[in-house]
There are 2 protein chains.
Amino acid sequence: MITAKDIARELNLSQPTVSRILNGDEGHRAAQATRERVWEAAQRLGYQPNAVARSLRLGRTDIIGVHTSHNYDVRNDFLGAIVGALQCACAERHLDIMLHSGLYGSLAETMYGKLRDGRVDGLILHSSAGDPLAELLRESALPVVAVADALPGFAAVTCDDAGGMKGLVDLLWSRGHRKFVFLAPQENLPSVEKRRRVFEVELRNRGAKAQDRVIKRLDFENSAPVAAELRAQGPLAVCCWNDKTAYNLLHECHLQGIQVPQELAIAGFDGLRDEKLPARLLVTVRCPWDEVAMQALGVLVQLIESRGESGKGAINKEICLPVSVLDGDTI
Amino acid sequence: MITAKDIARELNLSQPTVSRILNGDEGHRAAQATRERVWEAAQRLGYQPNAVARSLRLGRTDIIGVHTSHNYDVRNDFLGAIVGALQCACAERHLDIMLHSGLYGSLAETMYGKLRDGRVDGLILHSSAGDPLAELLRESALPVVAVADALPGFAAVTCDDAGGMKGLVDLLWSRGHRKFVFLAPQENLPSVEKRRRVFEVELRNRGAKAQDRVIKRLDFENSAPVAAELRAQGPLAVCCWNDKTAYNLLHECHLQGIQVPQELAIAGFDGLRDEKLPARLLVTVRCPWDEVAMQALGVLVQLIESRGESGKGAINKEICLPVSVLDGDTI
DNA sequence: TTGTAGGCGTTATCAC
DNA sequence: GTGATAACGCCTACAA
């Protein structure tokens, strides 16, 4: 790899002179002739400044880290949506993205170390309430913005989970549904908590009895027995905490011959529904994940630029973006 | 940020002593008491070695770059599959991933510079034939492994496009189809070229006339007029170059009321078909993208480790992974 | 067992 | 205009 020193030697100049000229040289503090010689040599030798050395010197890498405490990678629709949008947003701002790969279940301490080893200027984080990693990060100087799920003590960009769930209940109620189940995940996600709470409040306000607005926890996998169980409880409307769960349930219904929406009406939440096939259009709530990512990046850049001023928590506002209910034919 | 020097000062030691102890200290070249003091202080002060400085010194970052010359991000099913699998594979090898965000259409030279500025040890590349960036990279010292589409002069991990297409033609022919169209993209992708060639050869061998094995180029977007045009040409089997194209076409058929598979039989290629909904199962060829990513990483690590030995092109083998035809109900 | 010296490649601050 | 000099934080070789 060819360095500035190599160029300097070639031209009988000092290395800093080369560096100055190649760095824009705003003050015109170099002879025209020298400048041309330097540019020519740089071109000819294929000089590329070493970004690692520059980062060490400047204390800045222009790299944004992305990490999730959940066990998913970019193939997960949600994370893919976030990271994909970040890629676009980063390109405009001349930033790059680092995906911190941590084995799921590795110690929070270990991950914490990797995140603050100086390789990223800031972090886009997706985590859940009570995550030990978040606890650690809160005390650190690393700028962090949470996405989708707000974390106490961090800036965050989220979707209007409450509004979305209200809209969904409105729609379901208007279609005549009176018996409901909310399928929640095992993990404690703040966004899902909000949805769940609105689900309960809205239905209670409408006079639904406790047994007609049940909360049920499940994981991605085991939707087979759940489908059967739900069917047994007569016709009802199932609000799934995300689209993936809803699709799993739909799939099960197909396998078990359960009529949708006659026996089970199904709604999702995410806006990550698949529109490739027109056959079955899931009712869901569209969350603008691309916008979430863009805004999160904006806030993160602000945090990074204002680093050091008046403590880190200066900007820890939470931005909440509007959602919209998407109708379909599963309710 | 707290450095090794800080610890040294605190304990009245020299900085290298601290560094040595914290780095494993295999030779036991330190007093037990000193070691304990150092570890204690490191713990107490929350010391985290600066990875940027370390990288500068060691000439190694333990970061793998990912770049595509095409205009897509991680939300593209294919790229998502590759990057997602890479995330898993990297975690095991204690590597991290960098997504080089380059605005589509930015100069190859610019991108070339960013890729070899020392921030990544190697590169996973997805590109097409004749890409100027690939030309540049071929001359550089940066270890590169191409995925999905082989590039002359690079190591590559690909799928058995030829075998897959042969299997697909076998299946279509056995189902009685005798009139075919191959939908190809505008770009010149080596993998697609292989599929196209086998498509032609296999059909010619079976005695299909030229007008019954047509090649048609199109982009993602404009499948609307194409669908109508295809329908007009009577019942035929359409082999789409990838699943996304196939789904677009299916969608169009639905909108225009074209019967699938009676009027148009449709097959994809990728294995990125959506199985969330059981309704319409696309006939396609499953490409093991996760395996592609894993193997590519393996080769890349080999290249990195053997860097400097006997020129770079030492290992530029091409690994070709087996595929399988997936039946469905669209043909 | 520990400290000193040097360098990775860059940028910034000064003299000259 | 340009060249020393220093510093970013780390690791390695060698000397003490």
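Numbered from 1 within each chain, the chains take letters A, B, ... in sequence-line order. As the structure is a computational prediction, the values presented were derived from the model and not from experiment.
Between the CD atom of A/Q15 and the C1' atom of D/dA6 there is a distance of 12 Å, given to the nearest Å. In this structure, B/I21 atom CD1 and C/dT1 atom C1' are separated by 10 Å, rounded to whole Å. Counting to the nearest Å, the C1' atom of C/dT1 and the CZ atom of B/R37 are 12 Å from each other. Rounded to whole Å, the distance from CG on B/D6 to P on D/dC8 is 10 Å. Counting to the nearest Å, the P atom of D/dG1 and the CD atom of A/Q32 are 11 Å from each other. Taking atom CG on B/D117 and atom P on C/dT10, their separation rounds to 11 Å, with Å as the unit. Taking atom CG on B/L11 and atom C1' on C/dT2, their separation rounds to 14 Å, with Å as the unit. B/L58 has its CG atom 17 Å from the P atom of C/dG7, to the nearest Å.
Counting any heavy atom pair closer than 4.0 Å across all strands shown, A/N12 reaches sugar-phosphate atoms only and no base atom.
Using a 4.5 Å cut-off on side-chain heavy atoms (C-beta onward), B/L136 and B/E109 make contact. Using a 4.5 Å heavy-atom cutoff, the side chains of A/L22 and A/V38 are in contact.
B/S69 and B/S127 share a donor-acceptor pair across their side chains, judged by distance under 3.5 Å alone.
For A/T3, no side-chain nitrogen or oxygen approaches OP1 or OP2 of C/dC8 to under 4.0 Å. For the OP1/OP2 pair of C/dC8 and a distance below 4.0 Å, the side-chain nitrogens and oxygens of A/K5 include at least one atom meeting the criterion. Contact annotation: A/T17 does not reach the phosphate of D/dG1 (side-chain N/O to OP1 or OP2, under 4.0 Å).
Salt bridge status for B/R54 with A/D117: absent, with no side-chain N to carboxylate O gap under 4.0 Å. Using a 4.0 Å cut-off between a side-chain N of Lys or Arg and a carboxylate O of Asp or Glu, A/D77 and B/R75 do not qualify as a salt bridge. Between A/R93 and A/D62 there is no salt bridge, since no side-chain nitrogen of the basic residue lies less than 4.0 Å from a carboxylate oxygen of the acidic one.
Between D/dT12, C/dT1, D/dA4, one nucleotide has an atom nearer to the side chain of B/P16 than all others, and that is D/dT12.
Interface residues of residues 46-56 of chain B facing DNA chain C, ordered by number: B/L56; criterion, heavy-atom separation under 4.0 Å.
Side-chain N/O atoms of B/R20 and base N/O atoms of C/dG3 include a donor-acceptor pair closer than 3.5 Å.
With sequence neighbours excluded, the residues that form a salt bridge (charged side-chain N to carboxylate O under 4.0 Å, His left out) with A/E40 are A/R44.
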